[in-house]
Amino acid sequence: MFEQLRQRLNDLLDRATSPADRRTMVAMMRDAIVEAKVSVREMREQLEETRRRLATERDELETVRRRGKLAAQIEDAQTIQIAADYERRHGERVSVLERKLAAQEAELSLAEREVEEMTRELKARAAGIGGGAAAAEVGEGEGSLFPPDDPLEPDAGLRGEIDRAARDARAAEMLAELKRRMGK
């Protein structure tokens, strides 16, 4: 999922020769990880939205089935036909949403693994450029690339809409800077 970005950063990092160039590349990798974590959070939100929609559709399907049974009891052919049509439609929606949910779960799992790999690689690269300030810059000794109160840390609680807007703006700025640096 993030493979192209990751490969491009690795290529640039491999070509960087001076410690300053390598530190710049490590900083770019950190920015890329921040962007990837924002994407993962958005995927989680989309997954939850699909779960909500699926639950609603399942409820609707049960309601339509119940109404169809009631229509059958009163032997109203037109109402029975309408209920059957609605049952078919809601059944199709449930089926599509179940497949969508499975695909989103698989995609999220893949993205989370890629972010973990990128994080491990960043820590290794940062340690390889001299430890000390460079390793501290990416949080080497803390077990995380981010301070404990960083809102982009996956374990952090959800913040309000204001925090989300600030993170989105920050990610957009970082992406624009990364694209500018990479010559796009």
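Shown here are the side chain to side chain donor-acceptor pair (under 3.5 Å) partners of Arg53, two or more places apart in sequence or in another chain: there are none. Annotation: side chain to side chain contact (heavy atoms under 4.5 Å, CB included) contacts of Leu61 (sequence neighbours excluded): Arg65, Glu87, His90, Val94. In this structure Glu116 satisfies the salt bridge (charged side-chain N to carboxylate O under 4.0 Å, His left out) test with no other residue, sequence neighbours excluded.
With respect to Glu112, the side chain to side chain contact (heavy atoms under 4.5 Å, CB included) criterion is satisfied by exactly one of Met43, Arg44, Glu107: Arg44. Thr50 pairs in a side chain to side chain donor-acceptor pair (under 3.5 Å) with only one of the listed residues (Gln104, Glu45, Glu105), which is Gln104.
Under 3.5 Å, the side chains of Thr56 and Arg52 contain no donor-acceptor pair of N or O atoms. Side-chain contact annotation: Thr63 with Arg67, donor-acceptor N/O pair under 3.5 Å absent.
Both Leu108 and Val115 are assigned to one and the same hydrophobic cluster, defined by single-linkage of ILVMFWY side chains at heavy-atom distances under 4.5 Å. Under the 4.5 Å side-chain contact rule for hydrophobic residues, Tyr86 and Leu54 do not share a cluster.
Across every non-hydrogen atom of Thr79 and Ala71, the tightest pair is CG2-CB, 3.5 Å. Heavy-atom minimum distance, Leu97 versus Glu57: CD1-CG, 3.7 Å. Smallest separation of non-hydrogen atoms from Gly68 and Ala83: CA-CB, 3.6 Å. Scanning all heavy atoms of the two residues, the minimum distance from Glu35 to Leu175 falls at OE1-CD1, 3.2 Å. When all heavy atoms of Val38 and Ala171 are compared, the closest pair comes out as CG2-CB, 4.1 Å.
Looking at Glu98 and Arg58, a side-chain N of the basic residue comes within less than 4.0 Å of a carboxylate O on the acidic one, giving a salt bridge.
Atoms CG and CG, on Leu70 and Asp76 in that order, are 11.5 Å from each other to the nearest 0.5 Å.
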Test log, rule side chain to side chain contact (heavy atoms under 4.5 Å, CB included), inputs Met29 and Glu121: CA-CA 9 Å; Met29 286 178 75; Glu121 188 173 334; 4.2 Å; yes
Step-by-step salt bridge (Lys or Arg N to Asp or Glu O under 4.0 Å) determination, Arg51 to Glu48: CA-CA 5 Å; Arg51 285 185 177 133; Glu48 287 306 312; 2.5 Å; yes
Verdict with supporting geometry, Glu62 and Arg66, salt bridge (Lys or Arg N to Asp or Glu O under 4.0 Å): CA-CA 6 Å; Glu62 288 304 312; Arg66 189 176 58 251; over 6 Å; no
